[in-house]
Amino acid sequence: MTTQPRVVIIGAGIVGCSLAEELTARGWTAVTVLDQGPLFATGGSTSHAPGLVFQTNSSKTMTEFARYTVEKFSGLTLDGQWCYQQVGGLEVATTSERWTDLHRKASWAASWGVEARLLDREECAARYPLLDRERVLGGFYVPTDGLAKAVRAAEAQARLAIARGATFVPNVKVIDVEQAGGRVTGVVTDSGRLDADIVVSCAGFWGPAVGAMVGQAVPLLPLAHQYVKTTPLAQLVGTIDEAAEAAGPILRHQDADLYFREHGDRIGIGSYAHRPMPVSLDELAPSANWPDAGKQPSMLAFTPEDFEPSWQDAVDLLPALAGTKVADGFNGIFSFTADGMPLLGESRHVKGFWLAEAVWVTHSAGVARAVAQWLVDGQPETDVHECDVNRFEDFQLAPDYVHERSCQNFVEIYDVMHPLQPMESPRPLRTSPFHGLQRDLGAYFLEGGGWERPHWFAANERLVDGFEIPGRNDWAARYWSPIAGAEAVHTRDKVALYDMTPLKRLEISGPGALGFLQWMTTNNLDKPVGAVVYTLLLDRSGGVRSDLTVARLADNRFQVGANSALDTDWLLRHAPTDGSVHIRDITGGTCCVGVWGPLARDLVQPLVDTDFSHKGFGYFKAKQAYLGNVPITALRLSYVGELGWEIYTSAEFGTRLWDTLWQAGQNLGVIAAGRSAFNSLRLEKGYRLSGVDMTTEHDPYESGLGFAVRMDAGDFLGRAALAGKSPDAVSSKLTALTIDSPDDVVLGKEAVYLGGLPAGYVTSAAYGYTIGKGIAYAWLPSEASTPGTAVEIDYLGKRVAAAVAEEPLFDPKMINIRR
Ligand code: FAD
Ligand code: THG
């Protein structure tokens, strides 16, 4: 490939047009954009999007995408006409639960750098006079939110791209994507073929059909969503400039699943209150002739009965609407995904085949910039792990799963969501061999990665009396029990069993395994058989993609403890293709119990056929042994920071392993403990959670993980980018905070204020039961990371006092773990 790859973009909606602009701006000008429909009202979702842009999102990444869209569209015009109208965005609360949630949203805005403020009832009414002020408890207002003129913005960006050499071709349908030797080579259309080095599918909800051309799963579901315009509203007639379209802010009434904008003197109303209406691609009208047929393929006939309850809700909020009626409406189609996030990135199976789908107008330019950086520079600046199309586990690609979860995502789109709230269905999907035993102990299960994971056990209720477990505020008390506190303390006092089966495990073997892992990770893995090493996967810029434990079980065989499907994907796509390295996900066929606590050795040693003493089995070492009748692999390490082992066996021995440990542990007071205790214990020890505490936006030194980088042990991916960096030369730092008031257990993503100004945000948090304080890890400027520095956390509308603390907060001398 030359420095000028030939890029074919499928789809001239807002995403395809924005991507063409971003690529050509970076000097990639051999760009051809094909669309099955006419330009630029192609008949896709963009053609009818009312263009509301609410920027604030619980995801930092999505918020940044939206911020860039606002910035970019604000600077665009088409023949002198606006592409973005900064009318402001108002989200109102009509329930106290929503009002609290808007306080959380205000904290996210401060965390992610969006200027926003909470308004009282009178201020809401002043901004939006049509509101029934009695109904409104308050609002969240973002002055830079507003309206995108989607088709105009698409065309304006296309013109910039065309001026730099890009070509846009209407009325051409891509019917196949050609490949050879695992790479795309071109596309076949209904009017001929075209060479391509890179094909980017920006086909919106048609994505699955395009993906199918190369066998790439595109787990999205097209769903219809209702949008109506009213007849003119007397109060607005003559007040709004025709060309401006709107004067008042865009409005959300999430308690009724509604949003509103002005169209001159009419009001546009969008509703998510109706039943999910999935659409099959086969049923849609062809795009090419829609202007003649007068019907966009992405617009279905309005079903008025579905809108009726919403109309009443709309009139209740805006009483003046009673004087109007629905003038016209439609059921418009766009993409939903299982987790509400877009699908971005390159196929692992077909090099050069990229996706940018399930993207709203709101995030379009930010997504396009990230994908352009990814293509041109090798990776985006913004962390995109939540959006990577390769993030899914295999089971999450099942059509049934995609269908059910995407429909549910539609239902929940405006719901107040607790960070721990699990999906309710389909469940259970993945159960460890200990599941039945855990149920017998009264496990309270939450779901993660499809796994049923006990958060605490009712059987441990009796332990609560013995400890002072402080209560907490209602929000933090959801999906929580004081039992978790008792389990945590019991782990530090005695011994507990933790089900570690959901921990992702890979076996990496073959003559090239060591060399491959040495190149892929930061630490030195060339250690004797039996060594375990904590190490990092970095990207090319030195950002932390993940942290791993690597156990050398034989010269050419390693067991890798990983974090997610993206780790597997990253390793697979970098693995040599000559057969010298084999990578196998062994999570499903194996299981793991963490046996941790000061009595762990008393429990395990009598059961095993080999020396588990501190001398005989040192910290961060691995052994293969027998525990009673069960063949095991034991790793001496502990994410909870106590003496003990992760004990692995194959799935069929799971119940035997648990039973053996359980019975032998009775006289030692062994308990089963859950993830709620686990999370508290790991934060007391300062162990980071990849993807939450640190992402590719942070280098190892900023993340406090410099100890896992061996600059002197040969080259590795990302090493060059670390040259000259050190723990002393960082501008921001992952910092431990403690909170004295036990009631204020923060949950993550809250803004941290320094001297009254937003200075950073919380990543993970928990109450530390053994240290008797709340814990929050936060990204802060390094000058604010001196222990003792006073900060405030913006939590549910309150400023909670916190202080920077020396870490780790528990057992800094590693006495407990190394005995
Ligand atoms: P599209 O605009 O659908 O573009 C995809 C293009 O690919 C189409 O032009 C299609 O013709 C082309 N294509 C597909 N397959 C092929 C092929 N085989 N060959 C050639 N061309 C092909 N978002 C917001 O941010 N704010 C809102 O207020 C908002 N309101 C909405 C209201 C409604 C009623 C609906 C339905 C959606 C709304 N959305 C909103 C969502 C938004 O419209 C979409 O997410 C966005 O427009 C998707 O853009 P896109 O470029 O990915 O897809
Ligand atoms: N167990 C195993 N693999 C894993 C995890 C695990 N892989 C993914 C994730 N969890 C990795 N995270 C950590 C974080 C900290 C430690 C282990 C895994 C840890 N750190 C010690 C410390 O920082 O003091 C030791 C580090 C060292 O000696 O290099 O134990 O839970 N199997």
- Message: Within the 4.5 Å heavy-atom criterion, are Asn331 and Thr303 side-chain neighbours or not?
- Response: yes
- Item | Gln408-Glu412 side chain donor-acceptor pair, cut-off 3.5 Å | yes
- Heavy atoms, side chains only, cut-off 4.5 Å: are Ser271 and Leu258 in contact? yes
- Item | Short N-O contact, Lys351 and Glu346, less than 4.0 angstrom | no
- Item | Side chain proximity check, Thr501 to Arg505, heavy atoms < 4.5 angstrom | yes
- List for me each residue that meets salt bridge (charged side-chain N to carboxylate O under 4.0 Å, His left out) alongside Lys72, sequence neighbours excluded, and say none if there are none. Glu21, Glu22
- Is there a donor-acceptor contact under 3.5 Å from the side chain of Glu447 to the main chain of Gly450? yes
- Do Arg545's NZ or CZ and the ring of Trp570 fall within the cation-pi criteria of under 6.0 Å and 45°? yes
- Can you measure from CH2 (Trp451) to CZ (Phe445) and round to the nearest 0.5 angstrom? 12.5 Å
- Could you please spell out the steps behind the side-chain hydrogen bond (donor to acceptor under 3.5 Å, both in side chains) verdict for Gln55 and Thr144? CA-CA 8 Å; Gln55 297 166 82; Thr144 53; 2.9 Å; yes
- Specify the closest pair of heavy atoms between Thr587 and Pro502, including all atoms of both residues, with the distance to one decimal. CG2-O, 4.3 Å
- Note on the structure: Heavy-atom closest pair (Phe140 atom, Ala116 atom, distance to 0.1 Å) is CE1-CB, 3.5 Å
- Task: Decide yes or no on side-chain contact (heavy atoms from CB on, under 4.5 Å) for Asn390 and Arg573, but give the supporting numbers first.
- Result: CA-CA 11 Å; Asn390 301 293; Arg573 61 172 69 229; 3.1 Å; yes
- Heavy-atom nearest pair, Ala12 first then Asp35, reads N-OD2, 2.7 Å
- Is any NZ, NE, NH1 or NH2 atom of the basic residue among Asp569 and Arg348 found under 4.0 Å from an Asp or Glu carboxylate oxygen of the other? yes
- Can you find a pair of side-chain heavy atoms, one from His48 and one from Phe334, that are under 4.5 Å apart? no
- Under 4.5 Å between any side-chain heavy atoms of Glu357 and Ser335, yes or no? no
- Message: Using a 3.5 Å distance criterion without hydrogens, assess whether the side chain of Thr42 forms a donor-acceptor pair with backbone atoms of Gly37.
- Response: no
- With rounding to the nearest 0.5 Å, note down the distance linking CE in Met299 to OG in Ser47. 9.0 Å
- Query: Tell me, do Leu34 and Leu194 make a side-chain contact under 4.5 Å, heavy atoms counted?
  - Reply: yes
- Query: Is there side-chain contact between Phe65 and Val384, with at least one heavy-atom pair below 4.5 Å?
  - Reply: yes
- Query: Backbone N or O of Ala148 within a donor-acceptor pair of the Arg152 side chain at under 3.5 Å?
  - Reply: no
- Mind checking whether Phe168 and Phe40 have ring centres under 6.0 Å apart? yes
- Any luck finding a side-chain donor-acceptor pair between Gln379 and Thr696 under 3.5 Å? no
- Task: Say whether, by atom type as modelled, one donor and one acceptor occur between the side chain of Tyr401 and the main chain of Phe395 under 3.5 angstrom.
- Result: no
- Distance-only, no hydrogens or angles: does the Ser45 side chain make a donor-acceptor pair with backbone N or O of Ile333 under 3.5 Å? yes
- Item | Sidechain N-carboxylate O distance under 4.0 Å for Glu393, Lys504 | yes
- With a 3.5 Å cut-off and no angle check, do the side chains of Gln226 and Ser310 form a donor-acceptor pair? no
- Item | For Tyr479, all residues meeting side-chain hydrogen bond (donor to acceptor under 3.5 Å, both in side chains), sequence neighbours excluded | none
- Message: Is it the case that the side chains of Glu452 and Thr431 hold a donor-acceptor pair, with the cut-off being a distance below 3.5 Å and no angle test?
- Response: no
- pair Lys60-Thr63: side-chain heavy atoms closer than 4.5 Å: no
